[in-house]
Amino acid sequence: MTTKEELKRIFQNEIAGTRKMLELVPLDQGDWKPHEKSMTMYKLAVHLAGMPLFIEKVVAEPEIEFTPELFTDPKPANNDDLVSYFESGCDKVNAALDAFDEAELENVWRFTYKGNPLIEGPKLSVFHQELHHLVHHRAQLGVYLRLLDIPLPYLFGPTADMR
């Protein structure tokens with residue numbers, strides 16, 4: 001198995017679980033948050049759904065500069081829209097990985113703001129870092145759902161809701 005094939009396999013595993021979580025988001029409770037410093041349920045869900053678009057840039061671009069337009073999220077009205085937004089980003093990651101030359105894995109990738117690096121490292125490392133970032137926010141969403149008594153899906157094994 002090539003490194004590119006392994007990256008696709010890992011990505012597919014993580015997006016399958018993320019899709020399950022996004023399908024459960026109660027958008028009618030989108031303003032809810034567990035703490036005053038926390039993101040709202042809606043903001044967290046949209047951020048999580050949009051993360052593949054950033055991962056696609058890691059794969060496809062040598063670097064990107066932060067601009068407010070870079071992170072203009074849609075306003076999904078329902079779960080189908082939310083999951084569709086997520087899926088469109090996942091499709092872009094898969095296409096970028098298909099077109100990707102493995103020789104670029106050690107190339108330094110940069111995310112900058114006004115020319116100053118915010119994230120910098122080999123593409124392979126940044127890909128993994130951003131996938132872990134996605135998993136972090138998926139787990140955060142799991143806490144939100146649990147606090148609202150929404151049963152959690154099977155991701156890596158049975159949840160307490162399946163007992």
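None of these values were measured; they are calculated from a predicted model. Numbers here simply count residues along the sequence, with the first being 1.
Checking each of L82, L22, V83 against P76 for a side-chain contact (heavy atoms from CB on, under 4.5 Å) leaves exactly one that passes, namely L82. Screening L24, L152, V25 for a side-chain contact (heavy atoms from CB on, under 4.5 Å) with L141, the sole residue that qualifies is V25.
Counting heavy-atom neighbours within 6.0 Å of K92 NZ, excluding the residue itself, gives a total of 12 or less. By the 6.0 Å contact criterion, CG on D31 is open, its count of non-hydrogen atoms from other residues, nucleotides or ligands being 12 or less.
In this structure, L148 and P26 have side chains that are in contact, with non-hydrogen atoms separated by less than 4.5 Å. Under the 4.5 Å side-chain criterion, counting only non-hydrogen atoms from C-beta, L105 is not in contact with F127. Between E120 and T112, the closest side-chain pair of non-hydrogen atoms is not below 4.5 Å.
Chaining together hydrophobic side chains whose heavy atoms lie under 4.5 Å apart places M162 alongside Y154.
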Q) Can you check side chain to side chain contact (heavy atoms under 4.5 Å, CB included) on L7 and L131, steps first, answer last? A) CA-CA 10 Å; L7 292 176; L131 199 54; over 6 Å; no

Q: Kindly indicate, with the supporting measurements, whether the criterion side chain to side chain contact (heavy atoms under 4.5 Å, CB included) is fulfilled by E104 and K123.
A: CA-CA 7 Å; E104 296 179 34; K123 277 189 179 235; 4.0 Å; yes

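For residues 2-45, the set of pairs meeting the ring-ring contact (aromatic ring centres under 6.0 Å, His included) definition, not counting sequence neighbours, comprises W32-Y144.
Using a 4.0 Å cut-off between a side-chain N of Lys or Arg and a carboxylate O of Asp or Glu, R146 and D161 qualify as a salt bridge. Between R9 and E6 there is a salt bridge, since at least one side-chain N of the basic residue sits less than 4.0 Å from a carboxylate O of the acidic one.
Using modelled atom types and a 3.5 Å distance limit, the side chains of H132 and Q129 yield no donor-acceptor pair.
Between the R138 side chain and the E14 main chain, a donor and an acceptor come within less than 3.5 Å of each other.
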Do any side-chain atoms of residues 44-58 form donor-acceptor pairs under 3.5 angstrom with protein atoms, and if so which ones, sequence neighbours left out?
| from | atom 1 | to | atom 2 | distance (Å) |
| --- | --- | --- | --- | --- |
| H47 | NE2 | H137 | NE2 | 3.4 |

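The two residues K33 and T40 come nearest to each other via the heavy atoms CB-CA, 3.9 Å.
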